[in-house]
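One structure below.
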Amino acid sequence: MVDINYIRENREYILNKYAQRGAKADIDAFLRLDDKRRQLLQKTEQLRYEKNTASQNVAAMKRKGDPAEQEIVRLKDVSQSIKKLEKELRQTQQEISDQLLGFPNIPHDSVPAGVSEADNALVRSYKEIPHFDFEPKPHHELGQVLGILDFERAGKISGSRFCLYMGAGALLERALINFMLNTHTTKHGYTEVLTPYMVNADSMRGTGQLPKFEEDLFKIESDGYYLIPTAEVPVTNIYRNEILAEADLPIYYVCYSACFRREAGSYGQDTQGIIRQHQFNKVELVKFSAPEASYNELEKLLSNAEQILKLLDLPYRVVSLCTGDLGFSAAKTYDIEVWLPSQNKYREISSCSNFEDFQARRAKIRYRPKAGGKPVFVHTLNGSGLAVGRTVVAIMENYQQPDGSIVIPDILRAYMGGMEKIV
RNA sequence: GGAGGGGUGGCCGAGUGGUUUAAGGCGGCGGUCUUGAAAACCGUUGAGCGAAAGUUCCGUAGGUUCGAAUCCUAUCCCCUCCGCCA
């Protein structure tokens with residue numbers, strides 16, 4: 001959520017930034033509504049003041065035994081007016097907050113301007129694009145031949161965009177989860193958490209999935225719960241409606257979770273293999289930071305995620321998303337893209353974002369400055385560290401051998417009972 | 001699923017229609033005293049909106065009333081017992 005005062009005071013700047021984003025937001029209509037609200041509020045409070053003081057008089061008169069009927073009759077009118085005004089005020093406020101919840105975050109000034117993926121800026125890349133002496137196969141072919149991925153039976157059990165891992169495939173997925181968690185907890189200073197996979201609507205609103213992106217979520221209609229599309233939701237909401245101490249910051253959490261996405265509107269994309277699934281595993285990094293430190297924390301978080309790919313020795317590049325490609329809640333996002341030989345291109349495997357106070361404002365996550373004074377909204381950040389299924393894809397494709405077997409990266413062997421190769 | 005009990009400030013806890021403008025305690029902060037500390041004593045101590053006056057907030061949302069923490073309705077959460085259950 002964007003600060004309403006900030007909108008009031010920086011109309012031009014925001015119009016410009018939203019234009020860069022390609023966001024449709026009628027700021028002027030919004031500001032007119034805000035004016036109306038403040039007028040209503042003033043009138044209401046005046047009347048309430050009158051009511052409160054007069055009510056005390058009635059109480060005093062009654063105590064003394066004086067007749068108060070005349071005053072009571074007059075107050076009846078005042079009370080009616082207040083109710084009318086309050087109703088109008090409530091409606092206006094609701095309208096304002098509805099609109100405000102629909103406004104996207106404002107891109108940071110360091111974000112490159114652009115309209116689409118093609119305008120994203122390359123930050124750096126790691127490792128040469130590998131050359132194969134044979135035609136590299138896609139992971140789903142390799143997986144089916146090796147008997148570690150079974151899409152047909154997954155379709156029978158659930159439907160399309162689900163997958164069934166067998167044997168060494170399941171073990172590889174589990175090994176990666178453990179490897180990632182261990183690396184982030186022991187080398188990068190994150191605290192491990194394990195959260196619910198079903199959350200309420202307030203949590204979804206807090207991180208920005210609701211109200212705008214309901215169609216992307218799985219909902220448990222009978223109970224009003226939503227399946228989390230990322231651990232970002234439950235982990236960020238740990239501190240919803242709380243005031244932290246400045247000494248608590250920064251907070252680093254790492255969380256493994258299954259993630260659930262409806263993938264509405266992506267029909268026909270990545271229909272083969274496990275690139276795009278309704279359910280997938282992810283290890284997520286989440287940070288709560290003081291505002292002045294958050295961009296430095298973003299760089300550190302990004303390099304923590306990159307470290308996983310370096311340890312697995314997979315080729316990747318980092319891009320800074322342009323204004324037009326930025327997600328709704330993010331002020332700045334780096335994507336890490338891993339090389340997939342079968343597609344002959346880089347594919348997203350992690351997305352690392354600074355949300356500044358956009359989520360904190362929605363979720364009311366604040367801290368009290370050491371120096372004293374009013375509570376301040378924290379900055380929230382998160383990034384995949386990494387998407388596990390896509391890491392499996394990258395390993396299978398980059399470590400495949402001419403005979404269709406897959407060499408296990410050194411660092412993972414200890415997590416797989418010493419296994420060196422999937423044959 | 002059934003029966004009961006309960007949600008009040010950072011925490012505990014009083015408050016069943018009108019000086020509650022939320023008592024009291026703990027904790028925190030400041031001070032007195034002290035070589036320093038503890039103890040004791042004194043003071044202070046929530047959030048939102050507003051330039052301010054002021055106003056709102058007692059789980060949440062409605063309602064009754066001139067007036068609601070207090071009464072009514074709905075709803076969420078927590079606890080106890082019973083049933084079911086990994």
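These numbers come from the heavy atoms of this one structure, side chains and all, not from hydrogens, waters or symmetry mates. Residue numbers start from 1 in every chain, and the chains themselves are labelled A, B, ... in the order their sequence lines are given, proteins ahead of strands.
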Pairs involving residues 29-78 of chain A, ordered by first then second residue, that meet ring pair (Phe, Tyr, Trp, His ring centres under 6.0 Å) (sequence neighbours left out) = A/F30-A/F103

Rounded distance in Å between the C1' positions of B/A69 and B/A53 = 27 Å

What are the residues of residues 73-90 of chain A, sorted by number, that bring a heavy atom to within less than 4.0 Å of RNA chain B?
-> A/L75, A/K76, A/S79, A/K83, A/R90

Phosphate OP1/OP2 of B/C76: any A/N200 side-chain N/O under 4.0 Å = no

Would one find a side-chain N or O of A/N241 under 4.0 angstrom from OP1 or OP2 of B/A47?
-> no

Between B/A38 and B/C33, how far apart are the C1' atoms? Round to whole Å, please.
-> 12 Å

On RNA chain B, check which nucleotide each of A/R37 and A/I72 is closest to and give me the residue with the more 5' one.
-> A/R37

Distance, P atom - from B/G15 to B/G6, rounded to whole angstrom | 12 Å

Without placing hydrogens or testing angles, list every side-chain donor-acceptor pair under 3.5 Å for residues 243-250 of chain A, not counting sequence neighbours.
residue, atom, partner, partner atom, Å
A/E246, OE1, A/K370, N, 2.6
A/D248, OD2, A/A245, N, 3.0

Between A/T380 and A/Q359, is any side-chain donor less than 3.5 angstrom from a side-chain acceptor?
-> yes

Side-chain N,O (A/R48) to OP1/OP2 (B/C57) below 4.0 Å = no

Partners passing side chain to side chain contact (heavy atoms under 4.5 Å, CB included) against A/P291 (at least two apart in sequence or in another chain) | A/Y367, A/V376, A/H379

5' precedence on RNA chain B between A/A54 and A/K51 (nearest-nucleotide basis) | A/A54

Where along residues 358-369 of chain A does a heavy atom fall under 4.0 Å from RNA chain B?
-> A/R366, A/R368

Side-chain donor-acceptor contacts of residues 160-175 of chain A below 3.5 Å, not counting sequence neighbours, with atom names and distances?
residue, atom, partner, partner atom, Å
A/R161, NH1, A/Q269, O, 3.3
A/R161, NH1, A/D270, O, 3.3
A/R161, NH1, A/R276, O, 3.2
A/R161, NH2, A/S266, O, 2.9
A/R161, NH2, A/Q269, O, 3.0
A/Y165, OH, A/E173, OE1, 2.6
A/E173, OE2, A/N281, ND2, 2.7

Could you check which of B/A47, B/G54, B/G18 has an atom nearest any side-chain atom of A/I243?
-> B/A47

Expressed in angstrom and rounded to an integer, what is the separation of A/R8 atom CZ from B/C49 atom P?
-> 10 Å

In whole angstrom, give the distance that lies between atom CG of A/L100 and atom P of B/G48.
-> 17 Å

In terms of side-chain heavy atoms of A/P375, which of B/U55, B/G50, B/G48 is nearest?
-> B/G48

All pairs passing side chain to side chain donor-acceptor pair (under 3.5 Å) where residues 187-197 of chain A contributes a residue, at least two apart = A/H184-A/H188, A/Y190-A/N304

Those residues that, when tested against A/L15, pass side chain to side chain contact (heavy atoms under 4.5 Å, CB included) (two or more places apart) | A/R11, A/I27

Rounded distance (Å) that lies between atom C1' of B/A53 and atom CG of A/L41 = 14 Å

Check whether any side-chain heavy atom of A/Y415 lies under 4.5 Å from a side-chain heavy atom of A/I408, and answer yes or no.
-> no

Between B/U55 atom P and A/K43 atom NZ, what is the distance in whole Å?
-> 19 Å

Taking the same atom, P, in B/U70 and in B/A61, what whole-Å distance lies between them?
-> 13 Å

Spacing of A/L244 atom CG relative to B/A47 atom P, expressed in whole Å | 14 Å

Between B/A3 and B/G10, how far is it from one P atom to the other, in whole Å?
-> 36 Å

Of the candidates B/G18, B/G50, B/C49, the side chain of A/N5 sits closest to B/G50

Taking Watson-Crick and G-U wobble pairs with both distances under 3.5 Å, convert RNA chain B into its dot-bracket string, 5' to 3', dots for unpaired and | for cross-strand pairs.
-> ((((((((.[[[..)..(.....]]]((((((.......))))))((((....)))).[[[[[..)....]]]]])))))))....

Between B/G25 and B/C42, how far is it from one P atom to the other, in whole Å?
-> 10 Å

What pairs meet the salt bridge (charged side-chain N to carboxylate O under 4.0 Å, His left out) rule with one or both residues in residues 413-423 of chain A, with sequence neighbours excluded?
-> A/D410-A/R413

What's the CG-C1' distance between A/D248 and B/G10, to the nearest Å?
-> 13 Å

Member of A/R37, A/R38, A/R32 meeting the salt bridge (charged side-chain N to carboxylate O under 4.0 Å, His left out) criterion with A/D35 | A/R38

Just distance, no hydrogens or angles: give the donor-acceptor pairs under 3.5 Å from side chains in residues 217-228 of chain A, sequence neighbours left out.
residue, atom, partner, partner atom, Å
A/Y226, OH, A/E214, OE2, 2.8

Under 4.0 angstrom between A/N52 side-chain N/O and B/U56 OP1 or OP2 = yes

Sequence neighbours excluded - salt bridge (charged side-chain N to carboxylate O under 4.0 Å, His left out) pairs with any residue from residues 148-157 of chain A = A/D150-A/R153

If we take the P atom in both B/C11 and B/G59, what is their distance in whole Å?
-> 13 Å

Between CD of A/E45 and C1' of B/U55 the distance, given in whole Å, is 4 Å

Please give, in whole Å, the distance from B/C49 P to A/L40 CG?
-> 18 Å

Same-atom distance (P) from B/G46 to B/C29, integer angstrom | 15 Å

Do A/I274 and A/H139 come within less than 4.5 Å of each other through their side chains, counting heavy atoms only?
-> yes

Ion pair present between A/E86 and A/K83, side-chain N to carboxylate O less than 4.0 angstrom?
-> no

